[in-house]
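Following: one structure in structure tokens, then a few remarks.
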Amino acid sequence: ESLRNHVESCIRNQLPVTVDDAFKLEVPFDSLSSLYSQISLRSGHQSSHHGDFIREESFRRIEEGQESFNNLARQHSKGTYTLAKNFLEYKFGKDFKVATFLENPSLVQSKSVRCDLLRMIADDFNNSIEANLIKESTGKDYEELLIEMLNQRRMCFETEEESRAKGKPKTPDILFLVPMATAKSRYDPTDFLSAQQAHSLASSVGEVFPNPPNLGLKRSPTKRSVSIQFQPDDYLVINWIDSKAMFADKKTFQDHLIQLESYRNRYGRGMVIYWHGVVEDVYSMLTDDLIVVRDSFPDEWIFPTGEPADGRIPVF
């Protein structure tokens with residue numbers, strides 16, 4: 001909560017988050033910067049949903065010199081880049097790009113408004129075009145890191161690109177061709193599916209995870225099952241992984257939940273990795289163990305044969 005309050009205060013006062021802030025809050029700077037961007041963008045989306053009045057009244061007052069961008073940013077707790085973007089969309093239409101304005105600032109005739117817009121875009125690096133390019137590149141880097149880790153362990157999978165090439169809809173970043181078991185954490189829910197729920201889920205998926213005795217697994221009573229009914233033990237079977245190069249608070253996870261549930265409904269239990277960290281409140285949102293949340297790639301994985309995924313070729 002203190003982390004979120006600090007970020008909201010920075011946005012409200014038009015201040016960037018810094019390495020010193022991260023040190024004082026005892027969190028990685030990447031996590032702090034990620035949360036700053038997410039909260040700032042949310043405020044932009046919220047104002048666009050309720051904000052016809054904000055755009056047409058407040059932005060009109062700015063054009064008439066009766067209102068300032070600084071006051072508007074503080075009033076609505078918006079990052080300066082997001083506010084500049086909202087103004088340009090108000091002025092030129094919702095599909096207008098900030099890059100178009102940067103290429104030709106004279107599109108905004110008022111010199112004072114034009115200078116304010118350029119200043120706001122320059123001041124808010126966390127939500128700038130450069131920062132968004134860095135985030136996109138970082139997201140791809142973490143996906144490549146995940147693929148490298150899986151290959152090192154000789155795990156069988158296909159990437160999102162390969163899944164889409166086969167015409168599969170709703171594709172996570174990684175879809176295991178051979179489901180894998182990984183150790184549970186203390187955050188995973190302890191209430192498991194009922195036999196009826198497990199059977200219903202298993203009958204909708206078409207892969208098989210055998211019954212390695214050393215894992216204490218119990219095969220679901222159907223020939224077409226990806227999901228395993230677990231007795232209370234130390235492992236969970238994972239069928240897919242989705243990689244998120246960001247920090248997750250409750251709102252972030254809620255925003256991703258529909259996407260993750262679509263993977264769960266189609267492929268069975270899976271895992272989402274938030275590489276920049278997860279607030280503990282996120283785990284309280286989990287109602288079952290079919291979406292597993294982690295902040296790093298688990299060290300321990302086990303093949304259906306019971307062999308550890310340690311880089312050696314499994315016997316199957």
Could you walk me through whether N104 and S106 satisfy the side-chain hydrogen bond (donor to acceptor under 3.5 Å, both in side chains) test, starting with their C-alpha distance in whole Å, then the side-chain angles of each, then the deciding distance to 0.1 Å, before giving a yes or no?
CA-CA 5 Å; N104 186 10; S106 62; 2.5 Å; yes
What do the steps show when you test K24 against D20 for salt bridge (Lys or Arg N to Asp or Glu O under 4.0 Å), and what is the final call?
CA-CA 6 Å; K24 292 175 183 177; D20 286 342; over 6 Å; no
Report the C-alpha separation of L286 and F253 in whole Å, then their side-chain angles, then the decisive distance to 0.1 Å, and conclude whether the side-chain contact (heavy atoms from CB on, under 4.5 Å) test is met.
CA-CA 10 Å; L286 303 174; F253 184 68; 3.6 Å; yes
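- Taking a 6.0 Å sphere around CD of E26, one finds it holds 12 or fewer heavy atoms contributed by other residues, nucleotides or ligands.
- In the displayed structure, E64 atom CD is contacted under 6.0 Å by more than 12 heavy atoms of other residues, nucleotides or ligands.
- Residue L118 holds its CG atom at 6.5 Å from CG of L102, rounded to the nearest 0.5 Å.
- Every residue meeting the side-chain contact (heavy atoms from CB on, under 4.5 Å) condition with S262, not counting sequence neighbours, appears here in chain and number order: K170.
- Centroid-to-centroid, the aromatic rings of F23 and F29 stay 6.0 Å apart or farther.
- Counting heavy atoms of neighbouring residues, nucleotides and ligands inside a 6.0 Å radius, atom CG of L133 exceeds 12 of them.
- Qualifying side-chain contact (heavy atoms from CB on, under 4.5 Å) partners for D30, counting only residues two or more places apart in sequence or in other chains: H276.
- Side chains of D249 and T252: a donor on one and an acceptor on the other come within 3.5 Å.
- Expressed to the nearest 0.5 Å, how far CE of M271 lies from CD1 of I238 amounts to 4.5 Å.
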Show your reasoning for whether side-chain hydrogen bond (donor to acceptor under 3.5 Å, both in side chains) applies to T305 and E307.
CA-CA 6 Å; T305 57; E307 299 168 89; 2.6 Å; yes
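- Within the 4.5 Å cutoff, the side chain of S296 has no heavy atoms near those of the I273 side chain.
- Residues passing the ring-ring contact (aromatic ring centres under 6.0 Å, His included) test with Y283 are Y187, sequence neighbours excluded.
- Taking CD1 from I302 and OH from Y235, the interatomic distance works out to 3.5 Å, rounded to the nearest 0.5 Å.
- Across all their heavy atoms, L25 and L32 have their closest contact at CD1-CD1, 4.0 Å.
- Counting heavy atoms from C-beta outward, I62 and L72 have side chains that approach closer than 4.5 Å.
- Under a 3.5 Å cut-off, the side chain of S34 and the backbone N or O of M246 do not form any donor-acceptor pair.
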Show me, pair by pair, the donor-acceptor contacts under 3.5 angstrom made by side chains of residues 137-144, not counting sequence neighbours?
residue: T138; atom: OG1; partner: I134; partner atom: O; Å: 2.7

Chi angles and distances behind the side-chain hydrogen bond (donor to acceptor under 3.5 Å, both in side chains) call for T18, D21
CA-CA 5 Å; T18 66; D21 292 337; 3.2 Å; yes
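- A search for side-chain hydrogen bond (donor to acceptor under 3.5 Å, both in side chains) contacts involving H256 returns Y274, not counting sequence neighbours.
- For the pair R294 and A183, the tightest heavy-atom approach, listed with the atom from each and the gap, is NH2-O, 3.4 Å.
- For the atom pair L236 CG and L290 CG, the distance stands at 9.0 Å (nearest 0.5 Å).
- Every side-chain hydrogen bond (donor to acceptor under 3.5 Å, both in side chains) that R164 has, sequence neighbours left out, goes to E160, T171.
- Taking each heavy atom of F101 and R114 in turn, the nearest pair found is CZ-O, 4.0 Å.
- The salt bridge (Lys or Arg N to Asp or Glu O under 4.0 Å) contacts involving residues 91-107 comprise E63-K91, where partners must be two or more places apart or lie in separate chains.
- Ring geometry, F59 versus Y90: the interplanar angle falls from 30° to 60°, so the pair is classed tilted.
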Verify side-chain contact (heavy atoms from CB on, under 4.5 Å) between R264 and D288, making sure each step is shown before the conclusion.
CA-CA 11 Å; R264 176 202 66 189; D288 55 45; 4.2 Å; yes
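- In this structure S112 satisfies the side-chain hydrogen bond (donor to acceptor under 3.5 Å, both in side chains) test together with S110, sequence neighbours excluded.
- Between I241 and D173 the shortest side-chain heavy-atom distance does not fall below 4.5 Å.
- Across all non-hydrogen atoms, the minimal contact from G277 to S31 is N-OG, 4.4 Å.
- Every residue was checked against the side-chain contact (heavy atoms from CB on, under 4.5 Å) condition with D299, not counting sequence neighbours, and none meets it.
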Using the salt bridge (Lys or Arg N to Asp or Glu O under 4.0 Å) rule, take R269 and D289 through it: C-alpha gap first, then chi angles, then the decisive distance, then the call.
CA-CA 7 Å; R269 182 190 291 111; D289 65 351; 3.2 Å; yes
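- The salt bridge (charged side-chain N to carboxylate O under 4.0 Å, His left out) check on K166 picks up E158, with sequence neighbours excluded.
- With hydrogens and angles disregarded, a donor-acceptor distance shorter than 3.5 Å links the side chain of S163 to the backbone of T159.
- Taking both residues in full, the closest heavy atoms of A22 and P28 are given as CB-C, 4.1 Å, listed atom of the first, atom of the second, then distance.
- Taking 4.5 Å as the limit, every side-chain heavy atom of K85 sits out of range of all side-chain heavy atoms of I121.
- Legend: residues meeting side-chain hydrogen bond (donor to acceptor under 3.5 Å, both in side chains) with Q259, ordered by chain and number and at least two apart, are K244, Y263.
- Between F247 and W275 there is no side-chain heavy-atom pair separated by less than 4.5 Å.
- Within the structure, the ring-ring contact (aromatic ring centres under 6.0 Å, His included) test picks out no pair touching residues 144-174 (sequence neighbours left out).
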Test V272 against V292 for side-chain contact (heavy atoms from CB on, under 4.5 Å), laying out the working first.
CA-CA 6 Å; V272 56; V292 179; over 6 Å; no
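- Looking only at side-chain heavy atoms (C-beta outward), W301 and D310 stay at 4.5 Å or farther from each other.
- Heavy-atom minimum distance, V17 versus C10: CG1-SG, 4.2 Å.
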Show, in sequence, the C-alpha distance, side-chain angles and deciding distance for F303 and M180, and conclude whether the side-chain contact (heavy atoms from CB on, under 4.5 Å) test is met.
CA-CA 5 Å; F303 284 103; M180 301 293 296; 3.6 Å; yes
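- Looking at heavy atoms from C-beta onward, R266 lies in side-chain contact with P169 at the 4.5 angstrom threshold.
- Interatomic distance, CG of L3 versus NE2 of H6, reported as 8.0 Å (0.5 Å rounding).
- For the atom pair K250 NZ and M285 CE, the distance stands at 6.0 Å (nearest 0.5 Å).
- Within the 4.5 Å cutoff, side-chain heavy atoms of L107 are placed close to those of T100.
- Between R60 and E57 there is a salt bridge, with a side-chain nitrogen of the basic residue lying less than 4.0 Å from a carboxylate oxygen of the acidic one.
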